[in-house]
Amino acid sequence: MNINAVLAAFAATFVMFVSTAAGALCVFFIKGRMSERIKSILMGFASGVMCAASIWSLLIPSLNESRGLLPTLSGLFFGALFLMALDRIIRKKSFAQGGFSSLMTAVTLHNIPEGMAVGLAFALAGNSNTAGYAAAAALAFGMCVQNFPEGMAISLPMHASGKSKKASFIYGSLSGIVEPIAGVLAALAAYYIKPLMPFFLSFAAGAMLLVTYSELIPESAGADSFWGSFSALLGFALMMALDVALG
C-alpha cells in the first residue's frame with residue numbers, strides 16, 4: 001500500500017472540510033440574510049468548479065486508464081444512480097419539521113463524490129509520479145475554493161430562518177465532514193482494487209455531475225440567472241486553468 005498517497009488524501013480532504021467550516025464560521029460575523037443574488041453567484045461558482053473537475057480530473061483520467069469506453073461509461077451512470085438513491089434515502093429520513101434544507105442536503109451529498117474524487121486523484125498519483133501529486137493538489141485546492149462559500153450558503157440562511165448562530169455553524173461545518181471519510185475510503189479502495197480505477201474515477205464524476213445538474217445549477221438560476229451563469233463560467237475556468245497548469 002502507498003501509505004503516503006493515503007495520508008495525502010486524508011490531509012487534502014481534511015483541509016477541504018476546514019474550508020467548509022471556515023465558510024460556516026462567517027455566520028458569527030455577517031449580519032442579516034444572504035441575498036438571493038449572492039446565493040445564485042455562490043452556487044453557480046460551485047457548479048462550474050464541479051463540472052470542470054468532473055471532466056479534467058476524473059473522466060479524462062478514467063479514459064486514459066481504461067482499455068475501453070465501457071468502464072468509464074458504466075462508472076458514470078452507476079455514480080449518478082448511487083447519488084440518486086442516497087438522495088432519496090436522506091430526504092425520507094430527514095426530520096419532519098426543520099430537518100435538512102434542500103440546499104444543505106445537496107451540499108452534503110456532493111461533498112461525498114468531492115472527497116472520493118480527491119482521494120482517487122491521490123491514489124492515482126501514488127501509482128505515477130510527482131506531477132500526479134501536483135494535479136491532485138490542484139483538484140483539492142479547487143474544491144477548497146468552492147467549499148468556503150458553500151459553508152456560508154448553509155449557515156447564513158439557516159441562522160436567518162431562526163436557528164442559533166452556534167447551531168448554524170455546526171450544521172454548516174458538518175456538511176463537509178463526509179469529505180475526509182470518503183477521500184480515505186476511496187484511496188484505500190483504489191489500492192486494493194487497482195483494475196477498477198477507471199470505474200471509480202468515472203463513478204465519482206457521475207455522482208458529482210448528477211448533484212450539480214439537479215441541485216446546484218437550479219439553485220444558481222434562482223434569483224439572478226445571469227450572474228449565476230457567469231459565476232459558473234468563472235468556476236469552470238478556474239478549475240480548468242488549475243488542471244492545465246499543474247496537471
> Do the side chains of Leu234 and Leu238 get nearer than 4.5 Å, heavy atoms only?
Replying inline: no
>> According to a hydrophobic-cluster definition based on side-chain heavy atoms being under 4.5 Å apart (Ile, Leu, Val, Met, Phe, Trp, Tyr only), do Leu25 and Val27 belong together?
In response: yes
>> How long is the straight-line distance from NZ of Lys165 back to NE2 of His159, given to the nearest 0.5 Å?
In response: 5.0 Å
> Are any of the side-chain heavy atoms of Glu179 and Asn147 separated by less than 4.5 Å?
Replying inline: yes
> Under 3.5 Å, side chain of Ser66 to main-chain N/O of Leu69, donor-acceptor pair present?
Replying inline: no
> Going by heavy atoms in the side chains, are Asp243 and Ile55 under 4.5 Å from each other?
Replying inline: no
> Hey, quick one: are Leu185 and Met143 part of the same hydrophobic cluster, counting side-chain heavy atoms closer than 4.5 Å, chains of contacts allowed?
Replying inline: no
>> Measuring from atom CD1 of Ile112 to atom CG of Leu83, what distance do you get when rounded to the nearest 0.5 angstrom?
In response: 6.5 Å
> Just wondering, do Thr20 and Ile154 contact through their side chains at under 4.5 Å, heavy atoms?
Replying inline: no
> If we only count heavy atoms from C-beta on, is the Met208 to Met116 side-chain gap below 4.5 Å?
Replying inline: no
>> For Ser202 versus Gly75, what's the shortest heavy-atom pair and its separation?
In response: OG-CA, 3.2 Å
> Say you draw a straight line from CG of Leu156 to OG of Ser161; how long is it, rounded to the nearest 0.5 Å?
Replying inline: 11.0 Å
>> Go through it in stages, so that I can follow the logic: the residues are Leu76 and Phe203, the test is side-chain contact (heavy atoms from CB on, under 4.5 Å), and I'd like the CA-CA distance, side-chain angles, deciding distance and then a yes or no.
In response: CA-CA 5 Å; Leu76 185 71; Phe203 181 96; over 6 Å; no
> Roughly how far, to the nearest 0.5 Å, is NZ of Lys163 from CD1 of Ile170?
Replying inline: 10.5 Å
> Heavy-atom count around Phe77 CZ within 6.0 Å, excluding the residue itself: above 12?
Replying inline: no
> Of all heavy-atom pairs between Phe14 and Pro180, which one has the smallest distance, and what is that distance?
Replying inline: N-CB, 4.2 Å
> Between Ala21 and Phe169, which heavy-atom pair has the shortest distance, and what is it?
Replying inline: O-CE1, 3.4 Å
> Which atom pair, heavy atoms only, marks the closest approach of Gly142 to Val49?
Replying inline: O-CG1, 3.7 Å
>> Within the structure provided, determine whether Val18 and Phe148 are in side-chain contact (heavy-atom separation under 4.5 Å).
In response: no
> Which atom names give the shortest non-hydrogen contact between Ser231 and Ile41, and what distance separates them?
Replying inline: OG-O, 2.9 Å
> Is the closest side-chain heavy-atom distance between Phe199 and Phe78 below 4.5 Å?
Replying inline: yes
> How far apart are the C-alpha atoms of Ser40 and Ser220, what are their side-chain angles, what is the distance that settles it, and do they pass the side-chain hydrogen bond (donor to acceptor under 3.5 Å, both in side chains) test?
Replying inline: CA-CA 4 Å; Ser40 294; Ser220 72; over 6 Å; no
> Do Ile181 and Ile3 share a hydrophobic cluster (ILVMFWY, side-chain heavy atoms under 4.5 Å, transitive)?
Replying inline: no
> Where do Met50 and Glu114 land on the side-chain contact (heavy atoms from CB on, under 4.5 Å) test, with the steps shown first?
Replying inline: CA-CA 8 Å; Met50 296 275 282; Glu114 277 185 21; 3.2 Å; yes
>> Could you check, using the six-membered ring where one of them is a Trp, whether Phe45 and Trp227 have ring centers closer than 6.0 angstrom?
In response: no
>> Using modelled atom types and a 3.5 Å cut-off, is there a donor and acceptor pairing between side-chain atoms of Ser47 and backbone atoms of Gly44?
In response: yes
>> Please find the pair of heavy atoms, one from Met158 and one from Ser168, that lie closest to each other, and give the distance.
In response: C-OG, 3.6 Å
>> With clusters defined by side-chain heavy atoms of hydrophobic residues (ILVMFWY) lying less than 4.5 Å apart, directly or transitively, does Met197 cluster with Leu73?
In response: no
> Is there a donor-acceptor pair closer than 3.5 Å between any side-chain N or O of Ser62 and the backbone N or O of Leu58?
Replying inline: no
> Among the clusters formed by ILVMFWY side chains lying less than 4.5 Å apart, do Leu196 and Phe82 turn up in the same one?
Replying inline: yes
> Mind checking whether Asn111 and Ile177 have side chains closer than 4.5 Å, heavy atoms only?
Replying inline: no
> Could you go step by step and tell me if Glu150 and Met43 meet the side-chain contact (heavy atoms from CB on, under 4.5 Å) rule?
Replying inline: CA-CA 7 Å; Glu150 285 178 0; Met43 291 299 99; 4.0 Å; yes
>> Within this structure, what is the OG-NZ distance for the pair Ser155 and Lys166, rounded to the nearest 0.5 Å?
In response: 15.5 Å
>> Checking Met240 against Trp56 for the side-chain contact (heavy atoms from CB on, under 4.5 Å) test, could you report, in this order, the C-alpha distance in whole Å, the side-chain angles of both residues, the deciding distance, and whether it holds?
In response: CA-CA 7 Å; Met240 180 178 65; Trp56 272 275; 3.5 Å; yes
>> Once rounded to the nearest 0.5 Å, what's the spacing between atom OH of Tyr213 and atom CG of Leu210?
In response: 10.5 Å
